[in-house]
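Reviewing the structure listed below.
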Amino acid sequence: RAPHRRGPNPRPVGPAPSPVAALVLAAGAGSRLGGVNKAGLAIDGQSFLRRIVATARAAGIADVVCVVAPPFASAIRAAHADLGIRFVDNLAPEQGMASSVAVGLEVLVGSSAQALLLWPVDTPGPRATTVSALCTAEAPSGLLIPRHHGRGGHPVRIDRRWWPQLMVAGGIDGGVRALYRDVAPDGLSVDDAAVLLDVDRAGDAEALGRHLQRASAAPAEVRGDDER
């Protein structure tokens, strides 16, 4: 009898899981918009947070952690409970973004992720191709900023080697900015203006929506560079 030969192992459909996690910052009170839950703002019927998670998953990112805080923490959790992401509470959001980063890192430090994408919830527009490029590009500095026409945007990749410093700086507003001063970040030039488009003031959401409609059929290009 001829020996039985096994066929090739089935391969999963879609991108391979990324060693990069996404840390979504949604702890703000939306005060510049008059007190708005930015995570719940929508484009084409999809909330900002849902869009970010969908983009991250399309880029192969499985682990998504979202930092929330009063007064919108409960509403954000309830509206997005089906996403399969981890939520963590920032009990001192008045200490600024650095405190949210530190709270998120306390969760991610026990994971297998080797880097994170620091992703403000009010920047929901970057393409999956942009995010995938950020996950895989070389970054000798351990920091990688997407740049569109020379301007830096989000999400930013921060490799694990810098996490301890950011956790210590959790009580200092501008912890990530302080790291930028100490380390010259690498840049990744992207043909994706949405990395620059955050929703911070009245009219920004509508402007972002118009941009995404115009850009929906346009191919994206990315390239590494020496921007410092």
Any side-chain heavy-atom pair of His148 and Asp191 under 4.5 Å: yes
Spacing of CG belonging to Leu188 relative to CD1 belonging to Ile145, to within rounding of 0.5 Å: 11.0 Å
Side chain to side chain contact (heavy atoms under 4.5 Å, CB included) assessment of Asp198 paired with Lys38: CA-CA 10 Å; Asp198 61 343; Lys38 290 185 179 182; over 6 Å; no
Contacts of type side chain to side chain donor-acceptor pair (under 3.5 Å), residue Arg86, not counting sequence neighbours: Asp63
Side-chain heavy-atom pair Pro140, Asp186 within 4.5 angstrom cut-off: yes
Of all pairs that satisfy salt bridge (charged side-chain N to carboxylate O under 4.0 Å, His left out), the ones with a partner from residues 67-83, not counting sequence neighbours: Arg50-Asp82, Arg77-Asp89
Side-chain donor or acceptor of Trp119 paired with backbone N/O of Cys66 under 3.5 Å: no
Side-chain heavy atoms of Phe87 within contact of His80, under 4.5 Å: yes
Criterion side-chain contact (heavy atoms from CB on, under 4.5 Å) against Val190, the qualifying member of Leu134, Val131, Thr130, Thr129: Thr130
Cluster check Leu91, Leu25: I/L/V/M/F/W/Y, side chain < 4.5 angstrom: no
Side chains of Leu116 and Arg160 in contact at under 4.5 Å (non-hydrogen atoms): no
Pro146 and Asp192, any side-chain heavy atoms less than 4.5 Å apart: no
Spatial distance of atom OG (Ser132) from atom CZ (Arg127) [nearest 0.5 Å]: 13.5 Å
Sub-4.5 Å side-chain heavy-atom contact between Gln165 and Asp182: yes
Sequence-distant partners of Arg51, side chain to side chain donor-acceptor pair (under 3.5 Å), two or more places apart: none
